[in-house]
Student: 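Structure in structure tokens, see below.
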2 protein chains.
Amino acid sequence: MSRWEPGAAERLRAAALDLFVEHGFAAVTVPQITARAGLTTRTFFRHFADKREVLFAHEAALPGLMTRFFADAPPGLTPMEVIVEGLCTLVAPRFDGLKDSLRVRRQVVLSDEGLRERDLRKRALIAEAGVAGFRDRGLDELSATLAAQLAATIIDTAAHRWLDDDTDRPMADVIRETAAALTGVVTDQAGTALTGVVTDQAKAGA
Amino acid sequence: MSRWEPGAAERLRAAALDLFVEHGFAAVTVPQITARAGLTTRTFFRHFADKREVLFAHEAALPGLMTRFFADAPPGLTPMEVIVEGLCTLVAPRFDGLKDSLRVRRQVVLSDEGLRERDLRKRALIAEAGVAGFRDRGLDELSATLAAQLAATIIDTAAHRWLDDDTDRPMADVIRETAAALTGVVTDQAGTALTGVVTDQAKAGA
DNA sequence: CATAGTGATGACACGTCATGTCGTCAACGA
DNA sequence: TCGTTGACGACATGACGTGTCATCACTATG
């Protein structure tokens, strides 16, 4: 038997999320969180760098996965194909089936400026990881940077659309639809052939 | 004669930048800044919401300008044309001729996690403003969101490339080049005009 | 000239965040 | 058995950020 109850980090995370939903992020103090989890303030900062991080630690592994997936994707795929495949493979499974809890988390994040900032930093870390992957594929620095930014834009936009959607559409579909729409905007087909193109691609993908 | 020396905000900004360059952002305290500017701590927070904001307040007007420019651009232009014209008109003049001071500022921002976060938040505010403009142009919500994200990606990437460039190339040129490269990545011409390597690999794979 | 209002600043107090340091105690291995 | 490791508690500290009130030049109005 251990001297302390196990799972300190997870208890802190759960306690923090509950309190954030109940009182709002800014109104909750770290001592309140640790009191509910049965720990001390100092222990909170041993597990999380700051009060915000408790809402983002769960996705710490994503950047590394992105780099490897982009770098190892079959040669011959276009950048957009690599992006869509990578996001559907790595990201979509982290969304499907978790819509309710992710909606709660998003509401908390959007309610606080500081949390929005941290959210954007996490997205930027994913993009930086993507740059490394595309560089390993042989893309020049500029193309790799832009491709990684596009990936970040697609996952971000798709995530919001998926969370706003009330059907059970799988995240991978939304990702493909968003990528197609982005191609349309860049090539100036915005709104013209959009609907038809998207459904065809979505059906092909499913 | 005034009771206090005029230009309190500008004095604070200059003092802060000097100290940040000299000691690093984290090592500088607000009382140090205000002491150099001949003011009190409380006055600093009357002019800037927090310690980071002193490095970003100068671009507070950009989002509003972006919204109006995008919304008022001549009808018939494609989204990418609107983006490039808007950025060249509104943003490029804020760069040309200021390369040295902007390089100093970038170095400070990149040296601190918190400043990077704030930087990303400012970019996101520009993107949000862009969405409003494209919506006013008649684009659907998804296309407007993606177009605004593309604009943010282009300005961000172009700014870094311009700062890394040692020639006197005007910012507008870099913006156009970056936009063209982005179109190339999306339509899979990445490297065609740049290296030629990737295209060969793609053709071999396909 | 007198008076009241406005607005930027100084002065002070306070709560929270974040970190450094040291002590405690269980678990583990030689 | 004994030393090491690692998670946590306890305490102290400094900086951040905010609320509140007083001060004093400037301005408008009569």
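Chain letters run A, B, ... following the sequence lines, proteins first and then strands; every chain starts at 1.
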Student: Quick one: A:Gln32 CD to C:dG15 P, roughly how many Å, whole number?
Tutor: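 Atom-to-atom, A:Gln32 to C:dG15, this comes out as 14 Å.
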Student: Measure CG/B:Leu115 against P/D:dC16 and give the value in whole Å, please.
Tutor: 12 Å
Student: Return yes if a side-chain donor-acceptor contact under 3.5 Å exists between B:His47 and B:Arg13, otherwise no.
Tutor: no
Student: Taking atom P of D:dC16 as reference, at what distance in whole Å does atom CZ of B:Phe25 sit?
Tutor: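 That distance rounds to 8 Å.
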Student: Among side-chain atoms of A:His58 and A:Arg94, is any donor-acceptor pair under 3.5 angstrom?
Tutor: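 No donor-acceptor contact under 3.5 Å links the two side chains.
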Student: For A:Arg52 and C:dT16, what is the distance between atoms CZ and P respectively, to the nearest whole Å?
Tutor: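 My rounded result for the distance is 18 Å.
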Student: Hey, are A:Arg123 and A:Thr153 close enough side-chain-wise for a donor-acceptor pair under 3.5 Å?
Tutor: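 Yes, side-chain donor-acceptor contact under 3.5 Å.
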Student: Starting at atom CZ of B:Phe20, determine the distance to atom P of D:dA15, rounded to an integer number of angstrom.
Tutor: 14 Å
Student: Choose from C:dT9, D:dG9, D:dG17 the nucleotide whose nearest atom is closest to any side-chain atom of A:Leu39.
Tutor: D:dG9
Student: Strictly below 4.0 Å: does B:Thr43 bring a side-chain N or O up to OP1 or OP2 of C:dG10?
Tutor: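 The answer is yes; a side-chain N or O of B:Thr43 sits under 4.0 Å from OP1 or OP2.
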Student: With the side chain of B:Thr40 defined as its heavy atoms from C-beta on, choose the nearest nucleotide among D:dG9, C:dA18, C:dA11.
Tutor: C:dA11
Student: Which value, rounded to the nearest 0.5 Å, describes the distance between B:Asp156 atom CG and A:Gln149 atom CD?
Tutor: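 If we round to the nearest 0.5 Å, B:Asp156:CG and A:Gln149:CD are 6.5 Å apart.
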Student: Would you classify A:Gly114 as touching base, sugar-phosphate or nothing, given that sugar-phosphate means primed atoms plus P, OP1 and OP2, and contacts are heavy atoms under 4.0 Å?
Tutor: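 Since no nucleic acid heavy atom lies under 4.0 Å of A:Gly114, the category is nothing.
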Student: Quickly work out the B:Glu10 CD to C:dA8 C1' distance and round it to whole Å.
Tutor: 18 Å
Student: Checking contacts here: which listed nucleotide (D:dC16, D:dG19, C:dT21) is nearest the side-chain heavy atoms of A:Arg42?
Tutor: C:dT21
Student: Once you round it to whole Å, what is the distance between P of D:dA12 and CZ of A:Phe45?
Tutor: 18 Å
Student: Can you work out whether B:Val28 or A:Gly38 has the more 5'-proximal nearest nucleotide on DNA chain D?
Tutor: A:Gly38
Student: From the list C:dC17, C:dG10, D:dA10, which nucleotide is the closest neighbour of the side chain of A:Arg46?
Tutor: D:dA10
Student: Rounded to whole Å, please give me the gap between CZ in A:Phe44 and P in C:dA18.
Tutor: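 To the nearest whole Å, that distance equals 8 Å.
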Student: Nearest to the side chain of B:Thr29, heavy atoms from C-beta on, is which of D:dA15, C:dC17, D:dG17?
Tutor: D:dA15
Student: Counting only side-chain N and O atoms of A:His47, is one of them less than 4.0 Å from OP1 or OP2 of D:dC8?
Tutor: yes
Student: Describe, in one word, how the ring planes of A:Phe134 and A:Phe70 are oriented to each other, choosing from parallel (under 30°), tilted (30 to 60°) and perpendicular (over 60°).
Tutor: tilted
